[in-house]
Amino acid sequence: MLRRLVSTVVIVALLLVATFSLVRLIPGDPTVTVAGLDANPAARAAVREQLGLDRSWLDQLGRYLDALFHGDLGTSFITKQPVAELLGQRLSVSIQLAGMALLVVLVVSVPAGILAGVLTRDDRRRRTEMGFTTVTSIGGAIPEFLMATLLATVFGVWLRLLPVAGMDGWKSLILPAAAVAIRPTLLLARIVRVETLGVLAQDYVRTARGKRLRDTRIYVRHVLPNVITAALALGGVLFAGLVAGAVLVENVFALPGLGTALVTAVVQSDYPVVQGIVMVLGVTVVVVNTIVDLLLGLVDPRTLAKPS
């Protein structure tokens, strides 16, 4: 556990430095946006000095980390709004979207994968297996932004059942959450099915069947705990993709979350906003994966004994 926590701190530190460096590779000059297209070189130089962009990379990094350690995430170049205030306004929408999507993934993928494994074990129901494999393969290959467009077109434009833009209550999150969750749900369900088939082929499951134990007891006591371990490990990996998908989907549905703010900040070369949002998203992914590692250690202590 100590090794996991130390590695988490190191990863977060590397994330901060990498984000700070990569943000400055974004095409465009923030001084042009701040000073205006018609500003002369002297005015742009004054803006550059005001923003601190005339300093060396190392000096800028040191000032950024020092301010960050004191709880200051900086101020937007464009709106002059503190980044912490912007995150406070936008974070709730992103949390609701990611929470709904994650709930769908966990509630649907594991039972669906186990059920598919039970139904198709020992080469039974080949048509069911083919249908499950086909659906999960095609659905798992559709990017989140394309899935969002399809859902918005069908349920928002054609059927007019759900809103397709803006934030107006929980109904506005149904289509975005579905667009984010469908791909990881299908991928995880397919992997859970494979894990289930492997568990069902083990000797201890055959012994349990030989003892004439009820199927529900076999699946709950013997199959589910072993499958959960693989689902947790893969779920942590899929969570990073879920966060990235949420950023894209928010822009498709015009949700006032971190995703739309991030895209706007990238277009405007608003370095402090980009750094703040990427830091929050990155730290969230790192923390979730650390929690998953610790949960795996509780479910199967052997995982914590393995070197990273």
Side-chain angles (χ1 to χ4, degrees), residues 11-98 144-145 148 165-167 176 240 243-286:
I11 291 173
V12 170
L14 293 175
L15 172 66
L16 294 177
V17 176
T19 301
F20 181 87
S21 305
L22 292 175
V23 161
R24 278 147 180 77
L25 298 179
I26 297 175
D29 187 353
T31 61
V32 175
T33 306
V34 176
L37 295 175
D38 299 330
N40 55 46
R44 293 181 183 177
V47 171
R48 180 175 294 276
E49 182 179 359
Q50 179 185 2
L51 298 178
L53 299 177
D54 60 328
R55 303 176 183 273
S56 66
W57 174 87
L58 190 59
D59 189 12
Q60 293 183 51
L61 177 61
R63 290 172 176 269
Y64 169 67
L65 294 178
D66 180 66
L68 187 62
F69 290 145
H70 288 84
D72 183 8
L73 298 179
T75 303
S76 170
F77 287 165
I78 311 302
T79 64
K80 306 304 180 183
Q81 180 184 19
V83 176
E85 181 180 325
L86 173 65
L87 293 176
Q89 295 174 352
R90 299 270 187 161
L91 189 59
S92 61
V93 175
S94 298
I95 289 178
Q96 294 178 57
L97 174 58
E144 286 82 357
F145 70 90
M167 186 66 184
V243 171
V247 170
L248 298 175
V249 169
E250 281 185 8
N251 286 272
V252 174
F253 290 96
L255 293 176
L258 295 180
T260 51
L262 177 60
V263 172
T264 301
V266 169
V267 172
Q268 297 176 338
S269 298
D270 197 344
Y271 296 166
V273 175
V274 177
Q275 290 167 182
I277 295 177
V278 172
M279 183 193 71
V280 169
L281 297 178
V283 169
T284 300
V285 172
V286 172

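All heavy atoms count here, side chains included; hydrogens, waters and symmetry mates do not.
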Spatial distance of atom [atom1] ([X]) from atom [atom2] ([Y]) [nearest 0.5 Å]:
| X | Y | atom1 | atom2 | value |
| --- | --- | --- | --- | --- |
| Tyr64 | Phe69 | OH | CZ | 9.5 Å |
| Gln60 | Asp54 | CD | CG | 8.0 Å |
| Thr79 | Leu86 | OG1 | CG | 7.0 Å |
| Asp270 | Gln275 | CG | CD | 9.5 Å |
| Glu85 | Thr75 | CD | OG1 | 10.0 Å |

Exercise for the section: Starting from the C-alpha separation in whole Å, work towards a yes-or-no answer on side chain to side chain contact (heavy atoms under 4.5 Å, CB included) for Trp57 and Ser21. Expected result: CA-CA 8 Å; Trp57 174 87; Ser21 305; 3.2 Å; yes
Exercise for the section: Test Leu16 against every option in Val283, Leu61, Val278, Leu68 by the side-chain contact (heavy atoms from CB on, under 4.5 Å) rule and name the one that passes. Expected result: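 Result: among Val283, Leu61, Val278, Leu68, Leu68 is the only option passing the side-chain contact (heavy atoms from CB on, under 4.5 Å) with Leu16.
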Practice task
Go through the steps to decide whether Val274 and Leu262 satisfy the test side chain to side chain contact (heavy atoms under 4.5 Å, CB included), and finish with yes or no.
Solution key: CA-CA 6 Å; Val274 177; Leu262 177 60; 4.0 Å; yes
Exercise for the section: Begin with the C-alpha distance, continue with both residues' side-chain angles, and end with the deciding distance and a verdict on side chain to side chain contact (heavy atoms under 4.5 Å, CB included) for Leu51 and Tyr271. Expected result: CA-CA 10 Å; Leu51 298 178; Tyr271 296 166; over 6 Å; no
Tell me if a side-chain donor or acceptor on [X] pairs with a main-chain N or O of [Y] at a distance below 3.5 Å.
| X | Y | answer |
| --- | --- | --- |
| Thr260 | Ala254 | no |
| Gln81 | Ser76 | no |
| Glu250 | Leu258 | yes |

Mind listing the closest non-hydrogen atom pair of [X] and [Y] along with its distance?
| X | Y | answer |
| --- | --- | --- |
| Ala265 | Val273 | CB-CG1, 3.6 Å |
| Phe77 | Ser269 | CD1-O, 3.9 Å |
| Asn251 | Gly259 | ND2-O, 3.3 Å |
| Met167 | Pro256 | CB-CD, 3.7 Å |
| Gly276 | Val83 | CA-CG1, 4.1 Å |

Practice task
Applying side chain to side chain contact (heavy atoms under 4.5 Å, CB included), run through Thr19 and Met279 and close with a yes or a no.
Solution key: CA-CA 7 Å; Thr19 301; Met279 183 193 71; 5.7 Å; no
Problem - Heavy-atom side-chain contact between Pro30 and Gln268 under 4.5 Å - result: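 Result no, sub-4.5 Å side-chain heavy-atom pair not found.
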